[in-house]
Amino acid sequence: MNILRSAIAPAILTAAMAFTACGDKTTPVLIEQGERLNSELQTLAQENPALIAEAKAAFADNRMTVDVKLADSLFMVAQITEPLFNYFTACEIKNHLDKNLEVTVNALSEKDAPIAVNLTDVYGDSKTYELSPALIRRMVKSPLAQLDFNEAKTALFAAFEASEEQFRPETEGPVTGFSTSFKGGFYAYDVEFANPRSYKELTTANLKARALKVLEKRYANLGTLRPVLFGMYKTLGIDGFHLVYSAGEGKPSLKTTVTLSNLNK
């Protein structure tokens, strides 16, 4: 009898495992959703080759993996903190609340499987951002103000500040330094000169043309994602940029404004 049981047990176990595998309706759903996402990402990459060098997605090993290689030097993985990535993702999710998202999150929840997004920039740096089903549900339900709002803004402003040298004038000088600030919805770049005579011949129109040249170059490769990124800026209270030429307290300054609408034409 014991011998018989020993012989039958593996057969019963094998049959049970086969039955469980056949009854797994979640994995095929996630494979299908992975294929759909892969197709959408490849189309996005084809439409925006200056921004995205490669993008793909697939469900395997109990996770939805998304791989994106960036083609634009504007984006540095080192500057894309987890709160900033999560906030941007939350904005996108809220703009695409459809059946596919619901199906995907429900299936991921059943499998307790995350979405792992691997970003690689043109400098060769990579980082993985993991989104659990619970986090995605929170992104759907919670207001943006409760989703890493302050941390995301801090990280974005750090990236803005790192680009301040782009506003160094090509002719006037000498420049003694740069400073940045944010007030009333506008992020300001203040170029500090040793003497106001350096810019006395310039007009506000001249300065705006300079600011536009820098900012257009900064966002030139965004393609169809330009309104997406600017949409995130708006949710963070950013309406545009100021460029200021100054030469110390009490000295005459020159200031211009570039709004997001100026850049989103």
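Remember, predicted model here, so these are calculated numbers, not experimental data.
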Same cluster for [X] and [Y] if Ile/Leu/Val/Met/Phe/Trp/Tyr side chains link at under 4.5 Å?
| X | Y | answer |
| --- | --- | --- |
| Val214 | Leu212 | yes |
| Leu44 | Val68 | yes |
| Ile93 | Val103 | no |
| Phe160 | Ile80 | yes |
| Ile115 | Leu119 | yes |

[X] and [Y]: which non-hydrogen atoms are nearest, and at how many Å?
| X | Y | answer |
| --- | --- | --- |
| Pro114 | Pro133 | CA-CD, 4.4 Å |
| Ser179 | Glu192 | OG-OE2, 3.0 Å |
| Phe59 | Leu108 | CE1-CD2, 4.4 Å |
| Leu147 | Ala90 | CD1-CB, 3.8 Å |
| Tyr123 | Ser73 | OH-O, 2.9 Å |
| Pro174 | Ser198 | N-OG, 4.3 Å |

Do [X] and [Y] have side-chain heavy atoms sitting under 4.5 Å apart?
| X | Y | result |
| --- | --- | --- |
| Thr81 | Phe85 | no |
| Val228 | Glu92 | yes |
| Arg210 | Pro169 | yes |
| Lys234 | Leu260 | yes |
| Leu263 | Val258 | yes |
| Cys91 | Leu144 | yes |
| Asn118 | Val66 | no |

I'd like to know if the side chain of [X] reaches the main chain of [Y], judged simply by a donor and an acceptor atom lying under 3.5 Å from each other, with no hydrogens or angles considered.
| X | Y | result |
| --- | --- | --- |
| Asp67 | Ala55 | no |
| Asn38 | Gly34 | no |
| Arg226 | Asn264 | no |
| Lys153 | Leu236 | yes |
| Asp121 | Asp125 | yes |

Next on the checklist: Is it the case that the ring center of Phe186 lies less than 6.0 angstrom away from the ring center of Phe241?
Outcome noted: no
Item to check | Centroid-centroid distance, Phe230 to Tyr233, less than 6.0 Å | outcome: yes
Item to check | Derivation and outcome, side chain to side chain donor-acceptor pair (under 3.5 Å), residues Thr104 and Gln33 | outcome: CA-CA 7 Å; Thr104 301; Gln33 289 297 323; 3.2 Å; yes
Checklist entry - Less than 4.0 Å between a side-chain N and a carboxylate O, is that true for Arg36 and Glu32? => result no
Checklist entry - Between Lys127 and Glu82, is there a salt bridge with N-O shorter than 4.0 Å? => result no
Atom [atom1] in [X], atom [atom2] in [Y]: separation rounded to 0.5 Å?
| X | Y | atom1 | atom2 | value |
| --- | --- | --- | --- | --- |
| Glu161 | Thr180 | CD | OG1 | 4.0 Å |
| Leu74 | Arg218 | CG | CZ | 7.0 Å |
| Leu51 | Leu225 | CG | CG | 5.5 Å |
| Tyr87 | Met232 | OH | CE | 7.5 Å |
| Leu131 | Met139 | CG | CE | 5.0 Å |
| Asn262 | Thr257 | CG | OG1 | 9.0 Å |

Side chains of [X] and [Y] only: does a donor on one sit below 3.5 Å from an acceptor on the other?
| X | Y | answer |
| --- | --- | --- |
| Asn106 | Arg137 | yes |
| Tyr245 | Ser253 | no |
| Thr203 | Asn206 | yes |
| Lys111 | Thr27 | yes |

[X], [atom1] atom: more than 12 neighbouring heavy atoms under 6.0 Å:
| X | atom1 | answer |
| --- | --- | --- |
| Asp61 | CG | no |
| Lys94 | NZ | yes |
| Asp112 | CG | no |
| Glu164 | CD | yes |

Next on the checklist: Pair Lys56, Leu41 - check side-chain contact (heavy atoms from CB on, under 4.5 Å), show working.
Outcome noted: CA-CA 6 Å; Lys56 58 185 179 179; Leu41 285 172; 5.9 Å; no
Checklist entry - Under the ring-ring contact (aromatic ring centres under 6.0 Å, His included) test, which residues partner Phe182, sequence neighbours left out? => result Phe157
